[in-house]
J.: 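Handing you a structure now.
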Amino acid sequence: MINIKENEKLNILNHSCAHLLAHAIHHIYPNAKFWVGPVIESGFYYDIDLGDVSLNEEDLEKIEKEMKKISKSDKLIKRIELSKDEALDMFKEDPYKLDLISRMDSDDTVISAYKQDDFIDLCRGPHMPTTKSMKYFKLLKVSGAYFKGDAKNKMLQRIYGICFENEEDLNDYLNYLEEAKQRDHRKIGKDLEIFMTDDLVGRGLPMFLPNGYIIWQELENYIKAKEKKLNYLHVMTPCLGNVELYKTSGHWDHYKENMFPKMKVEGEEFVLRPMNCPHHMMIYSNKLHSYKDLPIRIGEIAHDFRYESSGSLKGIERGRHFCQNDAHLFVTPEQIKDEFKSVVDLIFDVYSDFNITNYRCVLSLRDPEDKVKYYPDDDMWNKAENELREVLNELKIEYTEEIGEAAFYGPKLDVNVVPAVGNEYTLSTCQLDFCLPQRFDLKYVDKDGSKKTPVVLHRAILGSLDRFMAYILEETKGILPTWLSPVQINIIPVNNEYHLDYAKELKEKLGEYFRVELDDREEKLSYKMRESQIRKIPFTLIIGQKEVDENKISYRKFGTTDTITLAIDDFISMVDYVIKNKE
């Protein structure tokens, strides 16, 4: 979707509409006080103090009606320039505007305000010429927002809205929002009983229900099988570490604000780990290696914890606990290109299996001017960045370069997916690291008997299993391929009195190969069929007298109305083929 903030016409239109919203609020709630109403990527919002009044969806309709009335009145929108003293006097009854004015740089500052009929508001502008310019708008939701974003301050009410130049664009956007709502993995996760959250457990700490854990295990088994074919060695390491471990790695200096607070136990200080590379460095250092041992590929489905602000949390897409499909490849300098190519091949092999086609590759580089964020070694950075650039060029992979997006210890390839709804985000990554092996004094014995420092490739193919699952749920609208579906086959007897025994026999036989449920509730067939569709089960078996007499099965595939009858063994072969080929 279009970025409203970066489109000049829509930016002006939406900022003017924020004032139209405030104007309507002023009419309906005369005692309202106004903080700020900026344009954002998805429209605009206004933070308002309504005293004891708490808005709901019905109130938004009432406010919209008043906005339309003001719009039709076609009032001129006039720019007014004020001195600081004049502005302080004009807004003397509004403590929020007084706060803004008092923090402006100088008493000589020219302050602009915009007036439309009986409403005036501070603003730099520019604005539309009349209120009639804002005809095609919609208020979307209301939520709470602390004054200045500080939880110590008063909670204001934030109203979100959107405005377009024509009705068609507005309707397209509203349809997009409805599509996003239907695809939201949080809604799908609840409907299909995949995961849950509860503040008593903690925000950002999702819990996977039985259905979700089946999907989780399938993803884990899937990626581990691919890694084992590439001679990865899988390990398990603790979910916390000594603070000294992260001081050695450099994460304490560069990443401390993203960690949970340290815990003191018997004179030692521990933190929940935000990443796994320090642990894997220690596993490598457990014994001395020969150049013949390299590359050594250490993989782990690892539990990690990062402090994320509550406002950034989003289901299993972004939480405070997640599991990375992590690995660290310890290589000689001569092996960098081949191993990096192998990682890239693995990424695109996985994307092919999941039919992921909408993505872009980004070579994330350091900002040479930033002497704080990045490890200070120009030669190391130049060498590492050139290595990755050369491989990408040799592989003829299209990519863009982004300055300032590298990890503190090295450059990286990020593969950013563009989801069906929402903004792109990084799913897979491969990072080149000359830094951490030096900090941990890692060595291998080279051909000439000298000890050399290996290079490390940090890589995550599925990223985190949590985020990958969220992505797949949203891309498929919860219609998962058969191999991933928590329930693959649902058996429904038409009449329990006559058909249940055969249905039970089928469940036992099919259950040897697949994940099968038997719906033997005393409900109407149409009700049970409809529920099977709601649960998005790939195959629904309808067992009536014909199936019992002929020792066959009749099935309906999700999303179709055709009923197909097969011999049991033929059905098993068909479903097995679908699963093995990940159709």
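Residue numbers start at 1 and run along the sequence shown. Values below: every heavy atom of this structure, side chains too, minus hydrogens, waters and symmetry copies.
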J.: Using a strict 4.0 Å threshold on nitrogen-to-oxygen distance, state whether K582 and E218 make a salt bridge.
T.: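 Salt bridge between K582 and E218, a charged N being under 4.0 Å from a carboxylate O: no.
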J.: In sequence, state the C-alpha distance, the side-chain angles, and the governing distance for E517 and K507, and then conclude on salt bridge (charged side-chain N to carboxylate O under 4.0 Å, His left out).
T.: CA-CA 7 Å; E517 280 190 2; K507 182 179 186 298; over 6 Å; no
J.: Hey, are K224 and E220 close enough for a salt bridge, meaning a charged N less than 4.0 Å from a carboxylate O?
T.: yes
J.: If you compare all heavy atoms of I537 against all heavy atoms of F558, which two are closest, and at what distance to 0.1 Å?
T.: O-CB, 3.4 Å
J.: Please determine if K314 and E317 form a salt bridge, counting it only when a charged side-chain N lies under 4.0 Å from a carboxylate O.
T.: yes
J.: If you count the non-hydrogen atoms of other residues, nucleotides and ligands that lie under 6.0 Å from CD in E398, is the total more than 12?
T.: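 Not more than 12 within 6.0 Å, no.
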J.: Would you please classify the geometry between the F571 ring and the F514 ring as parallel, tilted or perpendicular, with 30° and 60° separating the classes?
T.: perpendicular
J.: Salt bridge or not for R318 and E308, using N-O below 4.0 Å?
T.: yes
J.: Parallel, tilted or perpendicular for Y471 and F468, by the 30°/60° rule?
T.: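 Y471 vs F468 ring planes: tilted.
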J.: Charged N to carboxylate O under 4.0 angstrom, E401 versus R389?
T.: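 Judged by the 4.0 Å cut-off on N to carboxylate O distance, E401 and R389 do form a salt bridge.
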J.: Working to the nearest 0.5 angstrom, can you tell me the gap between L518 CG and L500 CG?
T.: 6.0 Å
J.: With the threshold set at 4.0 Å, does a side-chain nitrogen-carboxylate oxygen contact exist between E179 and K477?
T.: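 Yes.
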J.: When you check the gap from the basic side-chain N to the acidic O, do K226 and D349 get nearer than 4.0 Å?
T.: yes
J.: Is it true that the NZ or CZ of R360 lies under 6.0 Å from the centre of Y399's six-membered ring and within 45 degrees of the ring axis?
T.: no
J.: Taking 4.0 angstrom as the limit, do E474 and K181 come out as a salt bridge?
T.: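 Salt bridge flag = no for K181 with E474.
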J.: Output the distance between atom CD (E402) and atom CG (L363), rounded to the nearest 0.5 Å.
T.: 9.5 Å
J.: Specify whether F348 and Y351 have parallel, tilted or perpendicular ring planes, treating 30° as the upper limit for parallel and 60° as the lower limit for perpendicular.
T.: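 Geometry flag for Y351 against F348: perpendicular rings.
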J.: Centres of the F539 and Y555 rings: under 6.0 Å?
T.: yes
J.: Any ion pair linking D304 and R306 (charged N to carboxylate O, less than 4.0 Å)?
T.: no
J.: About how many Å separate OH of Y284 and CZ of F330, when rounded to the nearest 0.5 Å?
T.: 7.5 Å
J.: Aromatic ring centroids of F354 and W483 under 6.0 Å?
T.: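 Judged by ring-centre distance (under 6.0 Å), F354 and W483 do meet the cut-off.
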J.: Could you grab the distance from atom CG of L346 to atom NZ of K341, nearest 0.5 Å is fine?
T.: 12.0 Å
J.: Does the distance from a Lys or Arg side-chain N to an Asp or Glu carboxylate O, for R366 and E405, drop under 4.0 Å?
T.: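 So R366 does not pair with E405 through a salt bridge.
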J.: Under 4.0 Å between a Lys/Arg side-chain N and an Asp/Glu carboxylate O for E269 and K262?
T.: yes
J.: If the threshold is 4.0 Å, N to carboxylate O, is there a salt bridge linking E300 and R273?
T.: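 Yes, this pair counts.
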J.: About how many Å separate CG of N358 and CG of N416, when rounded to the nearest 0.5 Å?
T.: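 Rounded to the nearest 0.5 Å, the CG-CG separation comes out at 11.0 Å.
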J.: Aromatic contact between F305 and F260, with the criterion being ring centroids under 6.0 Å apart: yes or no?
T.: no
J.: Rounded to the nearest 0.5 Å, what separates atom CG in L240 from atom NE2 in H279?
T.: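 If we round to the nearest 0.5 Å, L240:CG and H279:NE2 are 7.0 Å apart.
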